[in-house]
Amino acid sequence: MKSLIRSFAAILVAALGCLYLATYLNTSEGYSGSNTLTIYNWGDYVDPELLEKFQKETGITVIYQTFDSNEAMMTKIQQGGTTYDVAMPSEYAIDKMRQENLLLPLDQAKLPNLKHIDERFLDLGFDKGNKYSVPYFWGTVGVVFNPELVPEGLTFDSWDDLWDPRLGNSLMLVDGAREVIGFGLNSLGYSLNDTNEAHLQETLAKLQTLTPNVKAIVGDEIKMLLAGEEAAAGVVWSGDAAEIMDENDKLDYVIPKEGSNVWFDNMVIPRTASNLDGAHKFMNFMLDPANAAQNAEYVGYSTPNKDAIPLLPEEISSDERFYPPAQLTSRLEVYNNLGKRMLSHYNELFLEFKMHRK
Amino acid sequence: MPVRSRNFFLVPYMLWIILFVAAPIALIAYRSFFDVEGSLTLDNYARFFTPVYLRMTFSSFWYAFLITLFSLLIAYPAAWLLTRTKHKQLWLLLIILPTWINLLLKVYAFLGIFGTYGAINKFLEWIGIGTQQILFTDFSFVFVSVYIFIPFMILPIFNALEELNPSLVFAARDLGASAWTTFRRVVFPLTLDGVKAGCQAVFIPALSLFMITRLVAGNRVITLGTAIEQHFLVTQDWGMGSTIAVFLIIVMVLIMFAAGQRKAGSR
């Protein structure tokens with residue numbers, strides 16, 4: 001009994017020690033002052049030098065916290081108890097957050113740099129008039145492939161190349177219902193927002209004939225696996241593709257010509273914000289062309305800032321894989337919010353595809 | 001001690017059970033009667049009995065059965081050997097040790113070991129068999145799951161074997177039973193409770209596995225756990241997710257009941 005009490009006491013002392021240390025470290029780094037800005041972003045999704053520059057320019061202390069999925073981020077904001085001033089959700093999440101009253105409207109007068117954003121990326125379906133969000137980065141869905149492992153003659157400039165019988169068991173797909181059903185629909189010439197039941201069933205039947213080529217359907221690990229040459233090709237987001245090619249420069253990325261998805265990550269102010277002025281300052285700072293260019297160079301995603309593109313190194317701005325020419329961008333579509341019932345149906349079709357055995 | 005104060009001491013436990021056992025189950029059951037738009041319906045249950053979910057149920061049970069079977073086949077001899085070793089506590093510790101490492105880390109390690117350029121394939125190449133696809137197969141899924149669950153099977157069996165009175169075994173042998181007969185008629189029936197406890201500890205969590213199905217099996221194995229995860233995180237169709245969870249709870253209760261029933265009957 002005595003030793004039991006002693007060990008409990010030891011644990012208690014250790015825990016209190018950790019708590020004290022944490023508060024001590026926080027105050028010594030200035031995390032407790034009132035002039036702070038909490039940014040809630042994806043991991044490694046901003047150039048840390050820019051955060052320092054922002055701190056120097058404004059005197060606001062930046063606290064950078066990360067999330068790894070839109071759903072996790074929404075749940076945290078929904079539960080409250082947090083003071084995120086700026087968050088970077090994807091476009092479909094903005095739609096949901098707006099409907100659930102998790103966002104505060106932006107004061108566009110405080111965002112003069114919004115004029116630098118390409119009109120193609122403003123006033124989109126998920127946020128008409130950019131009342132709640134400004135675009136941060138954008139990208140596409142396409143095919144990453146390893147020319148050494150792929151049979152000759154396959155370029156993946158058509159989705160149908162994925163169905164090539166020589167690719168047996170050497171494809172990886174990202175584990176997303178919208179992405180997989182989406183390219184299935186695209187390969188048949190339908191819109192990736194199609195809700196026609198006959199079209200969806202036709203897509204499912206076509207996708208099921210892809211099963212022999214599919215080695216695995218995985219999440220974030222797809223980056224590690226494709227860079228490690230575990231498969232010859234994979235369907236991924238362009239952002240992941242940039243990271244994969246950064247690690248293994250043999251690989252290449254292509255957006256098939258039938259069309260694909262275009263996605264956005266955007267800056268928003270969640271309901272939990274406490275430093276509204278600082279949040280607007282930060283957004284405006286990130287919209288500045290020079291800063292946007294520096295950030296795009298660091299992160300490797302495509303910037304929506306049209307005045308930042310000339311400031312980028314030639315090899316980045318002329319890369320059609322990440323800044324596709326106009327005739328291709330016109331065939332890219334944003335995911336519309338199909339409603340919960342349709343989304344659920346998409347997921348059931350996706351489950352059915354996953355369950356289809358060779 | 002007067003009855004009233006004894007009841008008073010029960011209050012924290014009752015509160016615990018109500019808050020953390022009864023309430024969540026009731027909430028899940030309640031949720032399962034609502035569709036995505038939040039209106040009262042029995043649709044979710046009708047949907048469960050469609051081919052998609054029934055096939056998923058079948059595959060969940062099949063893989064959980066395989067995992068339990070292989071765990072048992074490995075764990076029983078291992079537990080028996082453990083009772084015969086000198087430093088029992090040390091060996092037991094070594095078996096429990098892997099459970100101290102985060103599950104996700106262990107699974108990620110297997111991605112490296114089983115990969116096309118991983119340790120196993122290097123070895124196969126070296127002995128002349130050549131590179132095989134190990135990752136993203138049924139084999140790798142069952143193997144990793146068995147690896148993860150095996151401590152939970154060994155422990156109850158080990159305890160049951162420890163409690164077994166060795167003089168019973170000696171008596172059987174003295175009376176002329178062969179080693180196999182002794183095992184079949186004396187040792188195994190007396191350790192059956194440990195086996196049952198182990199099977200429950202493995203089969204029930206194996207039914208709702210989800211992380212491993214994606215990481216090691218590359219979503220080639222789809223279980224009910226995967227579907228629950230998707231409905232809660234991706235589709236936000238909490239009603240359907242809850243319906244599957246309710247179904248799993250019912251099955252688990254039935255399994256516990258069936259296991260308990262036989263024990264009561266044999267006495």
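Reminder, nothing fancy here: chain letters follow the sequence lines and each chain counts from 1.
Interface summary for chain B: among M224(A), E230(A), E352(A), the most heavy-atom pairs under 4.5 angstrom belong to E230(A). With respect to chain A, the highest number of heavy-atom pairs below 4.5 Å among G115(B), S59(B), G118(B) belongs to G115(B).
Centroid-to-centroid, the aromatic rings of F145(A) and F156(A) come within less than 6.0 Å.
Neither the backbone nor the side chain of Y346(A) comes within contact range of chain B; no heavy atoms are under 4.5 Å apart. Neither the backbone nor the side chain of L173(A) comes within contact range of chain B; no heavy atom of the residue lies under 4.5 Å from a heavy atom of that chain. Contacts between D138(B) and chain A at a heavy-atom distance below 4.5 Å involve the side chain alone, from C-beta outward. M172(A) touches chain B through its side chain: at least one heavy atom from C-beta onward sits under 4.5 Å away, while N, CA, C and O do not.
Of the candidates I222(B), V221(B), T213(B), I222(B) is the only one forming a side-chain contact (heavy atoms from CB on, under 4.5 Å) with K354(A).
When only modelled atom types and interatomic distance are considered, T131(B) and Y117(B) share no side-chain donor-acceptor pair under 3.5 Å.
Between E247(A) and K223(A), none of the side-chain N atoms (NZ, or NE/NH1/NH2) sits under 4.0 Å from a carboxylate O, so this pair counts as no salt bridge.
A perpendicular orientation is assigned to the rings of F114(B) and F143(B), their planes being inclined by more than 60° (bins at 30° and 60°).
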